[in-house]
Every structure is written in C-alpha cells, then in structure tokens.
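These numbers come from a predicted model, not from an experiment. Residues: numbered from 1 along the sequence shown.
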Amino acid sequence: MKQAFFAGNRARLYAQMKPGSLLALFSGEEIRKTNDEYYPFFADRDFVYMTGIEQKRTVLLAIKDDERVEERLYILPPDPMEERWTGRRLKPAEAEALSGVKDIRMLESFTAQMHALAISGRFERLYLDLFRVSPADADRPAHRLLDQARREWPYLAI
C-alpha cells in the first residue's frame, strides 16, 4: 500500500485526539514458545493499519500540541550479527518510505524521550491501544507503558 493511505489513517486518528496529548502505538513483540524458541511474529494489525510496518519492537509516538501533531517512529537499530538469526531489520529510509513518518529514531531512545515528554508539563493525556482478547492475555508493551504511566505520571489521563 502507499504511504498516503497510512498517513491518512493517522490523520483521522489525530483529528480525534485532544490537544495536549501523547499517543504510543506498538507493533508488538515475539511470544516465547520454549526457552530457545519463539512463535512466528505477527505485527499488531492496528499498528500496521497506521504505519504499514510489520516489524517487531517498533513504536509510533504522536505528540499533539494545540492542533499540530509531531510524529516519531522508533525502530530497532541495524545489527548485522543479530539480523543473521532474527531476520533483516528495516533501515530508517525504508521505514520512512513505508509509513510516511519523517522522524525515524532508534528504539533505545524511546523510554527516555517518552519520560521527558510525560514530565514536561505540556501534556494531559496518553492514548494507548490496550485491547486484549481475554483478560488473561499476557501484558503487551502498551500495558507495560500503562503501568509505568500509573506509577510515574499519574497526572496523565489514559
């Protein structure tokens, strides 16, 4: 699909967000099958609908101040040794070409940057995709960020 499709999906979502909001969407992560084996990875369908990206451990962060929205995409850094075993990773230019998001950053910076935004005093809300098929399902990245928000940023409405 074309990046205009994904950008349009995001624009409709951003129009529903209130000013002074953060949105974090996660592509997901592999589920462990045994000690040394994982089930095949399938990206969260909502994340794919918004970005076109089907890579694990990728995050879309949207920052809405007033009516302006800043988008950031956090991806795994290139690692030729790791990629030999876990598969090829998207390069920043490829992630931009697929999604249309211009600001591509490495995943290891997400936690610190999210924390800095959350404590900046500029935001009142945090939007997360917290869908579960069953309450017994394992926590996903959005649920872990929810737990962190409740502990460290209780002033953010979820």
Side-chain angles (χ1 to χ4, degrees), residues 3 6-7 9-10 13-14 17 20-65 68-132 137-156 158:
Q3 63 177 242
F6 304 113
N9 294 341
R10 292 192 307 274
L13 175 61
Y14 300 155
M17 291 172 56
S21 298
L22 299 167
L23 164 78
L25 292 179
F26 298 86
S27 67
E29 52 197 16
E30 297 167 308
I31 298 171
R32 187 178 299 278
K33 185 175 185 179
T34 64
N35 262 356
D36 62 349
E37 183 181 12
Y38 289 89
Y39 287 104
F41 172 74
F42 293 96
D44 180 275
R45 297 292 105 197
D46 293 334
F47 185 84
V48 175
Y49 184 74
M50 293 296 164
T51 65
I53 293 176
E54 298 187 50
Q55 177 174 270
K56 67 182 176 181
R57 299 183 60 210
T58 303
V59 183
L60 173 68
L61 178 65
I63 303 158
K64 185 167 183 177
D65 278 326
R68 188 181 69 83
V69 177
E70 176 187 338
E71 299 178 304
R72 299 176 185 173
L73 193 63
Y74 294 85
I75 63 173
L76 290 167
D79 183 340
M81 184 60 104
E82 181 75 18
E83 290 177 46
R84 293 175 70 190
W85 305 106
T86 61
R88 188 177 176 285
R89 296 176 178 180
L90 287 174
K91 307 299 182 261
E94 295 168 323
E96 180 181 341
L98 276 171
S99 67
V101 176
K102 306 278 187 238
D103 189 350
I104 309 294
R105 300 177 184 207
M106 294 301 116
L107 184 62
E108 63 261 12
S109 66
F110 172 74
T111 301
Q113 291 178 10
M114 179 69 201
H115 181 73
L117 289 165
I119 65 169
S120 69
R122 296 170 32 208
F123 303 100
E124 299 171 10
R125 286 167 215 82
L126 173 61
Y127 292 89
L128 299 167
D129 181 357
L130 298 169
F131 175 77
R132 291 182 198 228
D137 286 351
D139 281 351
R140 306 293 285 160
H143 298 99
R144 291 191 293 274
L145 186 59
L146 171 64
D147 290 343
Q148 180 182 5
R150 286 177 173 160
R151 277 189 325 273
E152 298 179 22
W153 320 309
Y155 43 83
L156 290 178
I158 308 295

Next on the checklist: The test is side chain to side chain contact (heavy atoms under 4.5 Å, CB included); show your working for F123 and S21 and say whether it passes.
Outcome noted: CA-CA 5 Å; F123 303 100; S21 298; 5.6 Å; no
Taking the side chain as C-beta and beyond, is there a heavy-atom pair between [X] and [Y] under 4.5 Å?
X    : Y    : result
R140 : L145 : no
P141 : R57  : no
V101 : E96  : no
M106 : P78  : yes

[X] side chain to [Y] backbone, donor-acceptor under 3.5 Å:
X    : Y    : value
D129 : F131 : yes
D79  : E82  : yes
R125 : I158 : no
E124 : G20  : no

Looking only at heavy atoms, which two atoms of [X] and [Y] are closest? And how far apart?
X    : Y    : value
I53  : V48  : O-CG2, 3.4 Å
T58  : F47  : CG2-CZ, 3.6 Å
L128 : A142 : CD1-O, 3.7 Å
M17  : L23  : CE-CB, 3.8 Å
A62  : Y14  : CB-CE2, 3.4 Å
L130 : H143 : O-NE2, 3.2 Å

To the nearest 0.5 Å, what is the distance between [atom1] ([X]) and [atom2] ([Y])?
X    : Y    : atom1 : atom2 : result
R45  : S27  : CZ    : OG    : 10.5 Å
I104 : L90  : CD1   : CG    : 9.0 Å
L76  : Q55  : CG    : CD    : 5.5 Å
D44  : E54  : CG    : CD    : 11.0 Å
E152 : H115 : CD    : NE2   : 6.0 Å
M114 : Q148 : CE    : CD    : 7.5 Å

Item to check | Residue R151 excluded, over 12 heavy atoms near CZ under 6.0 Å | outcome: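 Result for CZ/R151: enclosed.
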Next on the checklist: Can you confirm whether R105 is buried at CZ, in the sense that more than 12 heavy atoms of other residues, nucleotides or ligands lie under 6.0 Å from that atom?
Outcome noted: yes
Item to check | side chain to side chain contact (heavy atoms under 4.5 Å, CB included) assessment of L98 paired with Q3 | outcome: CA-CA 6 Å; L98 276 171; Q3 63 177 242; over 6 Å; no
Checklist entry - What is the ring orientation for F26 with F110, classed by angle as parallel under 30°, tilted 30 to 60°, or perpendicular over 60°? => result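 It falls in the perpendicular class, over 60°.
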In plain terms, say whether [X] and [Y] are close enough for a salt bridge, that is, a side-chain N and a carboxylate O under 4.0 Å apart.
X    : Y    : value
E70  : R10  : no
E30  : K56  : yes
R132 : D139 : yes
K64  : E71  : no
E94  : R88  : yes

Item to check | Pair L22-L117, side chain to side chain contact (heavy atoms under 4.5 Å, CB included): steps then yes or no | outcome: CA-CA 8 Å; L22 299 167; L117 289 165; 4.3 Å; yes
Next on the checklist: Show, in sequence, the C-alpha distance, side-chain angles and deciding distance for V69 and I63, and conclude whether the side chain to side chain contact (heavy atoms under 4.5 Å, CB included) test is met.
Outcome noted: CA-CA 5 Å; V69 177; I63 303 158; over 6 Å; no
Checklist entry - Between Y74 and Q113, do the side chains contain an N or O donor and an N or O acceptor separated by less than 3.5 Å? => result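 Q113 and Y74 do have a side-chain donor-acceptor pair below 3.5 Å.
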